[in-house]
Amino acid sequence: MILPKRNLNELRNFLFGELSAVFAFLRFQMRVYIFLCLMCWVRSDNKRPCLEFSRLSVKDSFRDLFIPRIETILMMYTRNNLNCAEPLFEQNNSLNVNFNTQKKTVWLIHGYRPVGSIPLWLQNFIRILLNEEDMNVIVVDWSRGATTFIYNRAVKNTRKVAVSLSVHIKNLLKHGASLDNFHFIGVSLGAHISGFVGKIFHGQLGRITGLDPAGPRFSRKPPYSKLDYTDAKFVDVIHSDSNGLGIQEPLGHIDFYPNGGNKQPGCPKSIFSGIQFIKCNHQRAVHLFMASLETNCNFISFPCRSYKDYKTSLCVDCDCFKEKSCPRLGYQAKLFKDVLKERMEGRPLRTTVFLDTSGTYPFCTYYFVLSIIVPDKTMMDGSFSFKLLNQLGMIEEPRLYEKNKPFYKLQEVKILAQFYNDFVNISSIGLTYFQSSNLQCSTCTYKIQSLMLKSLTYPERPPLCRYNIVLKEREEVFLNPNTCTPKNT
């Protein structure tokens with residue numbers, strides 16, 4: 001059958017229109033496909049792999065015996081890449097775009113790794129730091145140099161790591177970074193690396209925190225051979241294993257000795273506990289610093305000549321620290337930088353401070369001081385004990401830092417007390433007096449002019465007072481205190 005010419009033209013136009021639509025649709029689909037491919041390519045190009053801390057093992061320690069190696073890797077974290085470490089510098093030596101030269105930079109440096117294991121505390125430490133403040137965190141991975149059976153070799157490598165770091169720091173300074181914004185936190189050998197970096201830059205680093213600086217090969221060495229308070233504008237040190245892997249002598253502007261600086265509560269006391277027996281005390285400094293960031297604990301500490309004096313309530317006052325009250329261990333130690341530097345003007349004065357902690361994380365305890373004023377010769381000698389009762393009826397007896405001391409011609413005695421729970425709403429104070437002499441008198445009465453209870457952990461809380469008290473020997477009296485009047489505080 002032959003169609004009319006008119007019908008053929010219409011059919012041709014119809015088919016041409018349909019084919020044009022199909023080709024237009026295919027072109028559109030192709031453009032979408034190409035666009036999506038380009039997007040995927042761009043994303044995959046930007047999605048570079050995360051830097052990972054060196055995964056070494058005992059094999060690497062053996063290998064180091066014959067083929068020693070040293071390498072320093074800088075792993076940068078910010079709030080933009082909290083879970084994915086990036087290189088500080090790109091391959092063309094340009095600065096990583098996530099690094100902010102105007103923000104604070106924490107350099108976190110580990111210590112000796114004899115079997116190459118990754119520090120268990122590392123990722124948590126990074127998370128806590130970035131949760132506390134919007135900063136740059138740089139993890140210094142020098143495992144190739146610290147993973148060796150030859151401890152003396154790791155000690156020698158600390159200076160090489162410091163020199164390597166100084167090159168990167170000078171590069172950062174060219175990009176506008178500031179030494180004053182740098183805070184080095186060094187663990188064990190890492191503390192001395194921080195000190196060596198500080199020496200290279202003539203003590204102009206903002207802050208160095210030494211977390212139980214290593215003692216072997218550093219104890220009793222001159223200042224140029226270890227971390228020293230001249231290595232930064234502010235140096236704070238926590239000693240937690242001073243009789244073992246740590247160092248005994250003070251190194252910083254302020255040196256904290258929790259629980260006397262060794263034998264930390266909660267740590268194994270038997271060698272049969274395995275590796276924890278060796279490293280628990282040494283690593284407690286790390287966990288105390290982390291707890292100071294992660295919790296509301298105020299790890300207040302008391303300036304004192306010795307732990308023995310501190311335990312006998314001879315160092316209750318923190319008057320030399322003015323309105324800032326007692327120094328605080330950990331991240332908050334920076335609050336006392338100016339006061340400490342004032343105290344050190346013109347002389348290399350060491351400030352050693354002591355505190356006690358509990359044996360489990362977050363290691364919090366709470367300090368109160370009970371000040372008692374008695375008339376002259378009212379009490380020849382004796383001692384007090386006390387307990388607190390809150391509005392819920394809970395009673396807690398503290399650990400008292402007070403030995404029997406004569407009251408003869410003594411107007412005031414201060415008793416330092418440590419509680420494992422915080423008492424906020426105190427309803428009463430249970431007070432007992434014990435006569436220390438052999439001439440005990442069950443019918444005698446003893447007068448107290450006033451007593452004042454003050455929280456040292458939270459000095460902003462108003463102190464509580466009670467006046468004109470009469471006690472009998474060994475007879476507990478519960479006193480309902482009131483907020484002190486201004487003249488008595």
Side-chain angles (χ1 to χ4, degrees), residues 257 260 298-328 351-356 365-388 396-420 422-423 426 428-436 446-471 473 476-479 481-489:
Y257 292 85
N298 285 337
F299 290 102
I300 63 157
S301 312
F302 302 89
C304 208
R305 289 190 307 171
S306 69
Y307 189 52
K308 181 180 178 181
D309 285 353
Y310 153 76
K311 289 193 294 183
T312 52
S313 287
L314 296 181
C315 307
V316 174
D317 291 321
C318 295
D319 294 341
C320 54
F321 286 89
K322 303 177 182 178
E323 71 280 357
K324 294 184 186 294
S325 186
C326 299
R328 299 174 187 177
T351 300
T352 57
V353 293
F354 299 88
L355 72 155
D356 284 318
T365 58
Y366 304 88
Y367 284 99
F368 288 82
V369 61
L370 184 68
S371 303
I372 300 174
I373 297 179
V374 297
D376 279 349
K377 302 181 182 180
T378 300
M379 303 174 182
M380 293 299 293
D381 60 284
S383 63
F384 289 99
S385 71
F386 75 96
K387 61 184 65 170
L388 299 182
E396 183 165 351
E397 296 188 22
R399 171 186 180 183
L400 295 179
Y401 296 84
E402 195 266 337
K403 63 179 181 179
N404 292 343
K405 56 178 72 174
F407 278 78
Y408 182 64
K409 291 185 178 180
L410 182 65
Q411 288 283 338
E412 181 180 18
V413 62
K414 292 185 177 181
I415 304 171
L416 182 63
Q418 178 197 50
F419 292 84
Y420 288 103
D422 187 20
F423 268 69
I426 299 170
S428 62
I429 303 171
L431 186 66
T432 309
Y433 172 71
F434 299 90
Q435 185 73 10
S436 299
Y446 304 92
K447 295 181 180 179
I448 293 177
Q449 182 177 321
S450 67
L451 65 78
M452 180 174 68
L453 180 72
K454 182 174 178 59
S455 171
L456 295 176
T457 303
Y458 301 104
E460 65 275 6
R461 294 178 185 171
L464 301 175
C465 286
R466 184 67 188 263
Y467 310 98
N468 301 321
I469 304 161
V470 178
L471 297 177
E473 186 182 345
E476 186 175 40
V477 175
F478 280 89
L479 307 168
N482 297 308
T483 302
C484 300
T485 56
K487 67 177 182 179
N488 296 109
T489 57

[X] to [Y] - nearest heavy-atom pair and separation:
X	Y	result
Pro327	Val353	CG-CG1, 4.2 Å
Ser301	Cys326	O-CB, 3.4 Å
Cys304	Thr352	O-OG1, 2.8 Å

side-chain contact (heavy atoms from CB on, under 4.5 Å) assessment of Ser371 paired with Glu412: CA-CA 7 Å; Ser371 303; Glu412 181 180 18; 3.4 Å; yes
Euclidean distance, [Y] [atom2] relative to [X] [atom1], rounded to 0.5 Å:
X	Y	atom1	atom2	result
Leu431	Ser385	CG	OG	7.0 Å
Asp422	Arg461	CG	CZ	4.0 Å
Leu471	Ile448	CG	CD1	4.0 Å
Lys387	Thr432	NZ	OG1	6.5 Å
Leu355	Arg328	CG	CZ	13.0 Å
Leu388	Phe478	CG	CZ	10.0 Å

Phe386 vs Leu400 side-chain heavy atoms within contact, under 4.5 Å: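 Contact flag for Phe386/Leu400 side chains = yes.
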Side chains of Met452 and Lys414: closer than 4.5 Å at any heavy-atom pair? no
Can you name the salt bridge (charged side-chain N to carboxylate O under 4.0 Å, His left out) partners of Glu396, sequence neighbours left out?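 None.
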Side chain of Ser450, backbone of Tyr467: donor and acceptor closer than 3.5 Å?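 Between the backbone of Tyr467 and the side chain of Ser450 there is no qualifying donor-acceptor contact (under 3.5 Å).
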I'd like to know if the side chain of Thr365 reaches the main chain of Asp356, judged simply by a donor and an acceptor atom lying under 3.5 Å from each other, with no hydrogens or angles considered. yes
Can you check whether Phe419 and Phe368 have ring centres sitting under 6.0 Å from each other?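 Yes.
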Quick one: ring-ring contact (aromatic ring centres under 6.0 Å, His included) partners of Phe299, sequence neighbours excluded?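 Once residues adjacent in sequence are excluded, Phe299 has no partner under the ring-ring contact (aromatic ring centres under 6.0 Å, His included) criterion.
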Taking only residues two or more places apart in sequence or in another chain, which ones pass ring-ring contact (aromatic ring centres under 6.0 Å, His included) with Tyr310?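 ring-ring contact (aromatic ring centres under 6.0 Å, His included) check on Tyr310 returns Phe302, Tyr307, Tyr401.
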Are there more than 12 heavy atoms of other residues, nucleotides or ligands under 6.0 Å from atom CZ of Arg305? no
With side-chain contact (heavy atoms from CB on, under 4.5 Å) as the criterion, how do Leu416 and Leu456 come out once you've worked through the C-alpha distance, each side chain's angles and the decisive distance to 0.1 Å? CA-CA 9 Å; Leu416 182 63; Leu456 295 176; 3.7 Å; yes
